[in-house]
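For reference, the structure is listed below as structure tokens.
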There are 2 protein chains.
Amino acid sequence: MARQKSEQVRKAIMEAAHRLFMEKGYIATTISSIARAAGTSQSNVYVYFASKFEIAFAVFDPWLRAKVAELEEQVMAQDTPEACLRSLIDGLLHGIAADRSGQTLTLVQALATAKPGDEYNPDLLIWTMSRIHNMIGGALPGSDPAEREALTHSLMLAFDGIALRQNLRRGEIEDSLSVDALYMMVRALVDRRSHASS
Amino acid sequence: MARQKSEQVRKAIMEAAHRLFMEKGYIATTISSIARAAGTSQSNVYVYFASKFEIAFAVFDPWLRAKVAELEEQVMAQDTPEACLRSLIDGLLHGIAADRSGQTLTLVQALATAKPGDEYNPDLLIWTMSRIHNMIGGALPGSDPAEREALTHSLMLAFDGIALRQNLRRGEIEDSLSVDALYMMVRALVDRRSHASS
DNA sequence: TTTTTAACCGAATGACATTCGCTATTGACA
DNA sequence: TGTCAATAGCGAATGTCATTCGGTTAAAAA
């Protein structure tokens with residue numbers, strides 16, 4: 001019955017936002033600058049997205065899914081369970097949570113400043129956890145499901161921790177130390193299992 | 001040579017801020033409301049603190065130190081190494097990182113929205129890590145220093161993760177699962193050590 | 001064509017943190 | 001004990017944002 005939203009404009013807004021968030025972070029990026037970079041007006045941005053928060057989430061979602069898919073390939077390419085685990089932990093924490101392009105940092109800022117109405121779809125979180133659970137299953141076939149669940153939760157916790165530090169404790173703690181420590185503990189847990197069964 | 005800042009006013013500002021941050025969080029608390037509750041003017045708040053960020057940090061610092069000191073007593077009161085570790089992990093993660101009064105949440109919000117000039121003194125972080133390191137030493141006398149270091153880092157990482165979730169993933173992930181998983185891994189690491197040495 | 005809906009725009013609005021210009025107090029010193 | 005200089009304290013700006021409003025106009029349906 002009437003004029004339709006242009007896929008081109010939506011894409012331009014998302015691309016402009018993606019670039020600006022990467023360069024300046026979520027907070028320092030203004031709707032005005034996104035609009036300018038996308039070649040439209042400030043108010044028109046609100047025709048496509050309900051809020052700044054929604055833009056951040058729209059940009060982050062496909063980025064994270066692509067990163068996780070990439071990680072999955074990398075993990076599957078390893079031959080030993082140890083190499084799989086190491087690759088999973090490194091890729092998840094160094095590669096994604098601590099990612100240099102600042103996407104994770106942007107999401108942390110967006111979530112930290114979210115207003116009561118700003119809610120996000122938990123699908124992404126659920127999907128990510130199920131992928132990790134799956135990768136752990138692949139790395140440790142025949143392992144106890146409860147143990148896989150525990151490992152998944154520990155990795156998600158570490159993911160959040162590293163993500164937070166990107167922002168808050170810039171350079172104050174060397175992430176590699178924490179990642180190595182976590183890997184050491186995971187190995188201890190896994191080794192214990194194989195000892196017990198042998 | 002001139003008028004002095006009143007310790008009473010400083011205290012009133014900090015107490016008002018403490019209460020409001022607890023009730024509404026950092027972002028929803030305005031300087032104006034802090035000033036009103038403290039019985040002074042908005043602009044006078046800036047005579048005592050350089051920024052909103054600085055107020056949050058001034059409130060958080062003594063709160064965290066007290067909490068950690070309390071945790072130390074609790075941990076020391078345990079008899080077995082297992083009980084010490086369990087008490088340390090529970091107290092640190094459930095008691096402090098996920099604390100109900102919202103202090104940690106406030107700090108996360110403050111740090112996430114910090115502007116370039118807003119920097120905080122790393123003393124608090126260093127002090128906290130050294131206390132944890134110490135508690136681990138007490139729980140596992142004779143343990144490898146490198147292992148203690150690794151455990152300290154893992155706990156700090158988990159601390160950050162839980163703190164983030166207070167804000168970002170409200171109720172989406174059950175923290176207890178993550179904490180239990182972490183404890184399980186720590187136990188595996190510790191047990192491995194005692195097996196190897198026996 | 002005509003009609004009608006919603007994209008699109010420029011100009012508000014409303015919240016805030018932070019700053020400014022001024023007044024009043026008070027601590028040091030004569 | 002009086003003088004004065006620094007600064008606590010205050011009310012009123014400023015400037016920056018996200019978000020909304022009112023009007024205009026392109027384009028889908030009729």
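In what follows, every chain begins at residue 1, and chains take the letters A, B, ... in the order their sequences are listed. Just so you know, these numbers use all the heavy atoms, side chains as well, and skip hydrogens, waters and symmetry mates. What you see is a predicted model; the values in this text were computed from it and never measured.
- Between A:Ala58 and A:Pro62 the shortest heavy-atom distance is O-CD, 3.0 Å.
- Distance CD1 (B:Ile31) to P (D:dG9): 16 Å, rounded to an integer number of Å.
- Proximity of a side-chain donor or acceptor of B:Ser33 to a complementary backbone N or O of B:Thr29 within less than 3.5 Å is not detected.
- Using modelled atom types, one finds a donor on one side chain and an acceptor on the other under 3.5 Å when comparing A:Ser32 with A:Arg36.
- Nearest heavy-atom pair, A:Ala181 versus B:Ala150, reported as atom, atom and distance to 0.1 Å: CB-O, 3.2 Å.
- When rounded to the nearest whole Å, the span between CD1 of A:Ile34 and P of D:dT16 equals 18 Å.
- Of the possible donor and acceptor atoms, one in the side chain of B:Gln78 sits under 3.5 Å from a partner among the backbone N and O of B:Gln74.
- In this structure, A:Ile27 places its CD1 atom 13 Å from C1' of D:dA18, rounding to the nearest Å.
- At whole-Å resolution of the value, CD in B:Glu54 and C1' in C:dA17 are 14 Å apart.
- Protein atom CG of A:Leu20 is 16 Å distant from nucleotide atom C1' of D:dA18, rounded to whole Å.
- Spacing between atom CZ of B:Arg36 and atom P of D:dC10 amounts to 14 Å, rounded to whole angstrom units.
- Applying the side-chain contact (heavy atoms from CB on, under 4.5 Å) criterion to B:Ala69, with sequence neighbours excluded, gives no partner residue.
- Considering only side-chain N and O atoms, A:Lys115 lies nowhere under 4.0 angstrom from the phosphate OP1 or OP2 of D:dA18.
- If you check every strand for non-hydrogen atoms under 4.0 Å, B:Thr29 touches sugar and phosphate atoms only.
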Checklist line | Nucleic acid footprint by protein, nucleotides 6-15 of chain C - heavy-atom cut-off 4.0 Å, B for base, S for sugar-phosphate alone | finding: SBBBB-----
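- Rounding to whole angstrom units, OH of residue B:Tyr26 and C1' of C:dC16 are separated by 12 Å.
- Rounded to a whole Å, the CD1 atom of B:Ile55 is 12 Å from the C1' atom of C:dT18.
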